[in-house]
Protein chains: 2
Amino acid sequence: MSDKVARLADVARTAQVSVATVSRYLNNQLQLPDDTATRIRQAIAQHGYQPNPHARSLSLGRSETLGLVVPDIANPYFARLAAAVEREAARQGYGLTLCASLNTQEREREYLARLSRTAVDGIIFVSNHADDGSLRDPINSSNRRIVILDEDIAGVRGSKVFSDNEQGGYLAGRHMIEMGHRQIAFFGGPEAMRSTQARLAGVRRAIEESGEPAELRDIYFGSYSPEHGRACAERFLSSGLGATALLVTSDEIMIGALEIFRREGVRVPDQLSLIGFDDIAPFVLFDPPLTSIRQPVEAMGRRAVDLLIRGLKGEDVDGVVEHLPVELVLRQSVARPPREAITRKTKRP
Amino acid sequence: MSDKVARLADVARTAQVSVATVSRYLNNQLQLPDDTATRIRQAIAQHGYQPNPHARSLSLGRSETLGLVVPDIANPYFARLAAAVEREAARQGYGLTLCASLNTQEREREYLARLSRTAVDGIIFVSNHADDGSLRDPINSSNRRIVILDEDIAGVRGSKVFSDNEQGGYLAGRHMIEMGHRQIAFFGGPEAMRSTQARLAGVRRAIEESGEPAELRDIYFGSYSPEHGRACAERFLSSGLGATALLVTSDEIMIGALEIFRREGVRVPDQLSLIGFDDIAPFVLFDPPLTSIRQPVEAMGRRAVDLLIRGLKGEDVDGVVEHLPVELVLRQSVARPPREAITRKTKRP
DNA sequence: CTCATTTACGTAACCGGTTTACAAAACGAG
DNA sequence: CTCGTTTTGTAAACCGGTTACGTAAATGAG
């Protein structure tokens, strides 16, 4: 029991072979006579030898570690995504370094720089806002392999994994129309984001395909936050236009919107039908349980890691873009529309 | 624009100095004449030089990276904890490698082995179940620095950071007693866990201190899961003993319990007063908004990182144990007790 | 002017692996 | 028995930094 950690050289000396022999035996599955192999194994056990990862990384030029950039892990949606990514990375023998960008481009770039300087072999990048273009270049000029996950960043090369946002909007829209709604409202995320536009386009397609005289109105854009949800709901109620069904495009927005609807006494689904998006929050427990589009979070995380690692192993995955299928989870927040439109009670006491 | 990444030697050559000079200029804040310093800066800029982290780690014997072992990042409580840890680590210039143990000791040990082999300088360990002793030795024999966070593991050396669970139980208990409750139920986590016992002890202390003839009954233990919450609630209702207030010691358990209470038509707080623990889930939106003990999650994460890094920097923090203060958040799930005890409606249709 | 000290750097030895180039030994064919 | 080939093994170069040690020149004190 020496106080120093055993090195390869110690093992080699004990096994009476050279370091190269031990190294090759360990890595290159070099065929060795039983005699020699046994001596090496015993020496390793005796010293409790574990290769020094820093040395290994330096020598190999890789570290078997991936980086995940995510806006905020405290957000349950990204937490789930991160969990899925971590699980798959671990399954494939990779470690995961986590970076929370806190939704600012500055931090995103900072992290990107850090990661490209840091010991990660590749990066999974999840952003949460429209890129003004200042993210594109640093990403592309990073010499790391990159997979864009969940939200597109225009002009970035590498592979990409998204949920099928358009289909999500479509499923929600179709369900509303089938339930008899003809006036549909939409609480979107940031207007410039691809996901927002795709979801909106999906609803539009559902309307067109139905052939019904359904109308999309009260379309609001803003951040994926409860604050925006509250603002949307207040604006929606005060506009009093009488949409009978509403697609809310994220859990966060939904949480804010529900607060206002509850405060103002809006009865769901009697007065207003509601469909959520994400379906991460425990909406079963809400009052009423919320019908929602569920994103394939686990699959997205898995797929992103898989693509990234395949890329690292030399497979050509550049330009691969995947849209994973979403699902409409039926609960109790959508009903047939009421006879008359919703009328607002009071703005605030 | 060569295709090779610039090395320190390239910079040195261009700046017409030796590698040692550049390295020391970059690290040891070695004082250099403006002339030389400028040449070096220009050379660095010209090559777009970034130190190779693997080489740096090998040479320094550290990587400025911490490891976080957590049962499940998808769980909002641990997600918040992880977010806090990541934020503080980043603030102090450290990266964070994430490991989800999925609550099995096997994986915990596996990760521990991986981390002790991997390029992390220290580990923050969050476990979620009672240790049967098989975690203690691997942790102690790991040559990394360790901070135990959130849940104690007996016999582990290193520093530890917890929330003040006993105080949490106490605050909840005192509030219930002050509101007039004399029959208090307790849905605990795993019986063998320190946190569970501490919370229970806190309620006991509140009862003793009050001098009132209050009684603790319907004490159930189990996993931190909605399933356990459902089981607790069913057992509680069928026992029909008539506790009028209930402390539920985690969000997860609460979610399960609420499902049953809602299904069975238990009116909160008219029939039954409820206090939660953790206060991570959006309980404001539940019906009714839930009074809850809030754990100082951000502070815990910050503190753990801080202790770990201080330990890494040579400060003696072994044996330091901190209990961070919790907070009672008053909302609307606690009322004065009803005249008569709750009577169960039906077990199941 | 001399000697001590500081300034401004350079040389080379590490850190601990992987891998290439090559030697010695063993083996087989002719 | 000789020569080529395979097996088994070694020495040393490399990955790209950090840093102990050393030295030449400049500065300053006496």
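Numbers restart at 1 for each chain; the letters A, B, ... are given by sequence-line order, proteins then strands.
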Salt-bridge criterion met for A:Glu322 and A:Lys160 (N-O under 4.0 Å) = no
Determine: side-chain N/O of B:Thr21 to OP1/OP2 of C:dC9, distance under 4.0 Å, yes or no.
-> no
Counting only distance, no hydrogens or angles, is the base of D:dT10 paired donor-acceptor with the side chain of A:Arg24 under 3.5 Å?
-> yes
Using a heavy-atom cut-off of under 4.0 Å over every strand shown, decide if B:Leu8 touches base, sugar-phosphate, or nothing.
-> base
N or O in side chain of A:Asn52 less than 4.0 angstrom from C:dG17 OP1/OP2 | no
Distance test, side-chain N/O of B:Ser59 to OP1/OP2 of D:dG16, below 4.0 Å = no
Salt bridge between A:Asp306 and A:Arg302, side-chain N to carboxylate O under 4.0 Å?
-> no
By nearest-nucleotide position on DNA chain D, the 5'-leaning member of A:Thr36 and A:Val19 is A:Thr36
First of B:Leu60 and A:Leu26 reached from the 5' end of DNA chain C, by closest nucleotide | B:Leu60
So, is B:Tyr25 near the phosphate of D:dG17, with a side-chain N or O under 4.0 Å from OP1 or OP2?
-> no
Within the structure, does a side-chain N or O atom of A:Arg56 lie under 4.0 Å from either OP1 or OP2 of C:dT18?
-> yes
Mind calculating the distance between CG (B:Asn27) and C1' (D:dG16) to the nearest angstrom?
-> 13 Å
Could you tell me the separation between the CG atom of B:Leu58 and the C1' atom of D:dT18, rounded to a whole number of Å?
-> 10 Å
Would you say a side-chain N or O of A:Ser18 is under 4.0 Å from OP1 or OP2 of D:dT10?
-> yes
So, is B:Ser23 close to the D:dT19 phosphate, meaning a side-chain N or O under 4.0 Å from OP1 or OP2?
-> no
Sidechain N-carboxylate O distance under 4.0 Å for A:Arg80, A:Glu298 | yes
NA contact type, B:Ser57, heavy-atom cut-off 4.0 Å: base, sugar-phosphate, or nothing?
-> nothing
Any idea which of C:dA12, C:dC9, C:dT19 is nearest the B:Pro33 side chain?
-> C:dC9
Nearest-Å distance for atom pair CG/C1', residues A:Leu32 and D:dT6 = 15 Å
Search all heavy atoms of B:Ile153 against all heavy atoms of B:Leu135 and return the closest pair with its distance.
-> CD1-CD2, 4.0 Å
B:Asp35 atom CG, over 12 foreign heavy atoms within 6.0 Å | yes
Rounded to whole Å, NE2 of B:His54 lies from C1' of D:dT18 at a distance of 17 Å
